Structures are given as C-alpha cells and as structure tokens.
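First comes the structure, then the notes that go with it.
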Amino acid sequence: MKLGFVSAILDTYSFEEMIDCASKMGFGCVEVACWPQGKAERRYAGVSHINVDDTSDEYVSYIKKYCADKNVEISSLAFYPNTMDSDLEKRQANIDHLLKVINMSALLGVNMVTTFIGRMQDKTVEENLEEFAKVWPPIIKFAEEKGVKVAIENCPMLFTNDQWPGGQNIATTPAIWREMFKIIDSDNFGLNYDPSHFVWQMIDYIKPIYEFKDKIFHVHYKDIKVYRDRLNDYGIMATPLNFMSPKLPGLGDVDWGKYVSALTDIGYNGYTCIEVEDKAFEGTKERVEESLILSKRYMEQFVI
C-alpha cells in the first residue's frame, strides 16, 4: 500500500506547491482534486489542482514530469459532485465535468477517478436506483473505453439541513452497493472505501471489506468521533453534525489496526489516502500542514 492524502485540504496551494508539500513530507501519492475552475460549492470542494480542460500534450507532459521529479504518484483524480441532481442543468454540468476528469485521468496514465454517484435527495432509494440505471451506464461505458476505473466513495453527503432529507449520494450502505453492482456489472466500477461514514451510520466498517474485496479500488483514511451524549440528546434522525465530527486518523472512533488488518487480509495493495476534514486543524497554513504530518505519523504504524 502507498500512503498519500486528498489534495483538497491544500486549497490555497498551486499544483506545484501541493506536490512539493507531499514530497517534502514523504508522501508516496496524492488524490488530486479536479473541480471546475471557480468558487467552491461547499467545504473541501471546488478545489482544482489540475485543469482537466487543458488536454494539450505540453500540459499533460508537464504534470507527469513534475510528479515524477518529486517522486509523488497521483492515486486518482477526484471530483465529488451530485451527478443525479434533481436540477437537470446542474446534473448535466456535473456529468460533463466528470467525463472530462475521466478523460484526463486516462491521458495522465492515472486511470483512476474517485467520485460520488449522487442522489435526488427528495426521492427514495428505490427511485434513485431507477435513475442511476439511466444516468450511470453511459458514464461507466466511457470510463471502460478510456481504461479508467471509477471508485465511488460511501459518503452520504447528509450533514446539514440543506442536504436533508436524503443526502446527495446513494452509495452509502452494503445493501445499496449490491444493487448498484447488479445494475452495472463492470470491472471498471468499484469503491473508494471510507470507514468513517459507516461509524456514524452505526454500520460495521470491517465486514464489508471482505464481501466487496474485488470492488475496493481506492481507500480513504478519515476518522469520525461520535459524541454519545449528543447522540443521546438528538437521536439518529438528526442531521449528523449534531452528534459527530470528522477527526484526524487516531483521534476518533475508527480502529485503524483492525481496518488495515482487514485490507491486508484481502490482499489490498493499492493507494490509501488521508482525508483531512478536522476543524480543529484549520485557520492557518501551518496548522493545515501539521494535520498532514500528524496523520502521516499515526498511519505509518500500519502503512508506509
């Protein structure tokens, strides 16, 4: 396994500064954020360290050489939108950009894209799966043609009232994964596995690793701390940020020894990326970089 981080946390850094930071800290890879150019639509989104609109040979060669010279690999190109937004104009814009990300991943020889399925948040899971069966087969067909694997993160995107009631990503549970993989049976369609989202959903985050071992293309290291007193007060029907918060690996409720042990059991030897969303490590450039250093130091007990 190779240890890296999701580049979105370095939102004020240029591509070069971000890669330099990864190299200086001794990371082996980065998951590179590739949102459309412009203002962020939410926290940790809207960051663009690679411009997927520039597919010139010069730019592609520059990206490859810069990473090679710094001895940092790109684990995937990352874009996490709602590709099943009820607003069809927004939906199509997200799909169009995702296809550009897939194309750039192929050009760079990365051949991996990490993303969300999306969701019509006011529709049932069953209704969303019907829509998924219309929206996603062409996307995966394009990825197959380009030789790119698409890894879906299991984040519900249900944290605040504006994402209520259903959240903005249906790929949230093992039961839904089974249905997804029945609808799209492709070697290029799999998972970006993040245990933290299962913690606050009260789902076993170890068992699915074994069942879906052939579908785990990419891995996140992000922790979640559930505040039991708040959970007892608000209940599980509340929006999750009322009773939990993202933390650096080792500062929350994930048992990282058991998690990485399960990954070694299934023979996973791909990329593993720290995802920092811990509000306690925001505010200054130094504090953000410290979050990466601390996370790396902790995870190197298990992965180097």
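Keep in mind that this is a model prediction, so the values were computed, not measured.
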Are the aromatic ring centres of Y80 and F116 under 6.0 angstrom apart? yes
Would M18 and V32 count as a side-chain contact (heavy atoms from CB on, under 4.5 Å) if you check the C-alpha gap in whole Å, the side-chain angles of each, and the deciding distance to 0.1 Å? CA-CA 9 Å; M18 181 271 294; V32 181; 4.1 Å; yes
Checking K146 against N103: is there a side-chain donor and acceptor pair closer than 3.5 Å? yes
Would you say CE of M202 has more than 12 non-hydrogen atoms from neighbouring residues, nucleotides or ligands within 6.0 angstrom? yes
Kindly give the heavy-atom pair with the smallest separation between K215 and S186, and that separation in Å. NZ-O, 2.7 Å
Looking at K134 and E130, is any side-chain nitrogen of the basic one under 4.0 Å from a carboxylate oxygen of the acidic one? no
I139 and I102: CA distance, side-chain angles, deciding distance, side-chain contact (heavy atoms from CB on, under 4.5 Å) verdict: CA-CA 9 Å; I139 297 173; I102 291 170; 4.0 Å; yes
side-chain hydrogen bond (donor to acceptor under 3.5 Å, both in side chains) partners for Y66, two or more places apart: D20
For a 4.5 angstrom cut-off between non-hydrogen side-chain atoms, does N51 reach D54? yes
Can you see which heavy atom on I117 is nearest to which on A171, and at what distance? CG1-CB, 4.0 Å
Distance-only polar pair, side chains of Q121 and S86, donor-acceptor under 3.5 Å: no
So E289 and K24, side-chain contact (heavy atoms from CB on, under 4.5 Å) or not? Walk me through it. CA-CA 11 Å; E289 290 195 4; K24 176 185 68 176; 3.5 Å; yes
Checking R230 against Y234: charged group under 6.0 Å from the ring centre and within 45 degrees of the axis? no
State whether F5 and K296 meet the cation-pi test: NZ (Lys) or CZ (Arg) under 6.0 Å from the six-membered ring centroid, and within 45° of the perpendicular axis. no
Electrostatic pair E131:R91 at N-O distance under 4.0 angstrom: yes
Is there a donor-acceptor pair closer than 3.5 Å between any side-chain N or O of N169 and the backbone N or O of M157? no
Answer yes or no on whether K149 is positioned over the face of F217, meaning its NZ or CZ is under 6.0 Å from the six-membered ring centre and within 45° of the axis. yes
Validate the cation-pi geometry between K207 and F212: distance from NZ or CZ to the six-membered ring centre under 6.0 Å, angle to the ring axis within 45°. no
How close do T83 and V135 get, counting heavy atoms only, and between which atoms? O-CG1, 3.7 Å
Contact summary for E31 and T114, nearest pair of heavy atoms: OE2-OG1, 2.7 Å
Quick one: are S75 and M112 in side-chain contact, heavy atoms under 4.5 Å? no
With a cut-off of 6.0 Å (strictly less than), are more than 12 heavy atoms of other residues, nucleotides or ligands near CG of D255? yes
Salt bridge flag under 4.0 Å for residues E211 and R178: yes
Do the ring planes of Y221 and Y259 sit parallel (below 30°), tilted (30 to 60°) or perpendicular (above 60°)? perpendicular
Salt-bridge criterion met for K182 and E179 (N-O under 4.0 Å): yes
Side-chain ion pair, E282 and K279, N-O less than 4.0 Å: no
Tell me whether N71 at atom CG has more than 12 heavy atoms from other residues, nucleotides or ligands lying less than 6.0 Å away. no
To the nearest 0.5 Å, how far apart are CG in D253 and OH in Y205? 8.0 Å
Examine distances only and state if a side-chain atom of D194 and a backbone atom of N154 form a donor-acceptor pair shorter than 3.5 Å. no
Any chance the rings of F79 and H97 have centres within less than 6.0 Å? yes
Would D85 and R119 satisfy side-chain contact (heavy atoms from CB on, under 4.5 Å), going step by step from the backbone distance to the final call? CA-CA 6 Å; D85 199 300; R119 177 172 179 158; over 6 Å; no
Sub-6.0 Å ring centroid separation between W177 and F198: yes
First locate atom CD1 of I170, then atom CE of M120, and finally report the distance between them rounded to the nearest 0.5 Å. 8.5 Å
Modelled atom types, side-chain donor and acceptor of Y193 and E153, under 3.5 Å: no
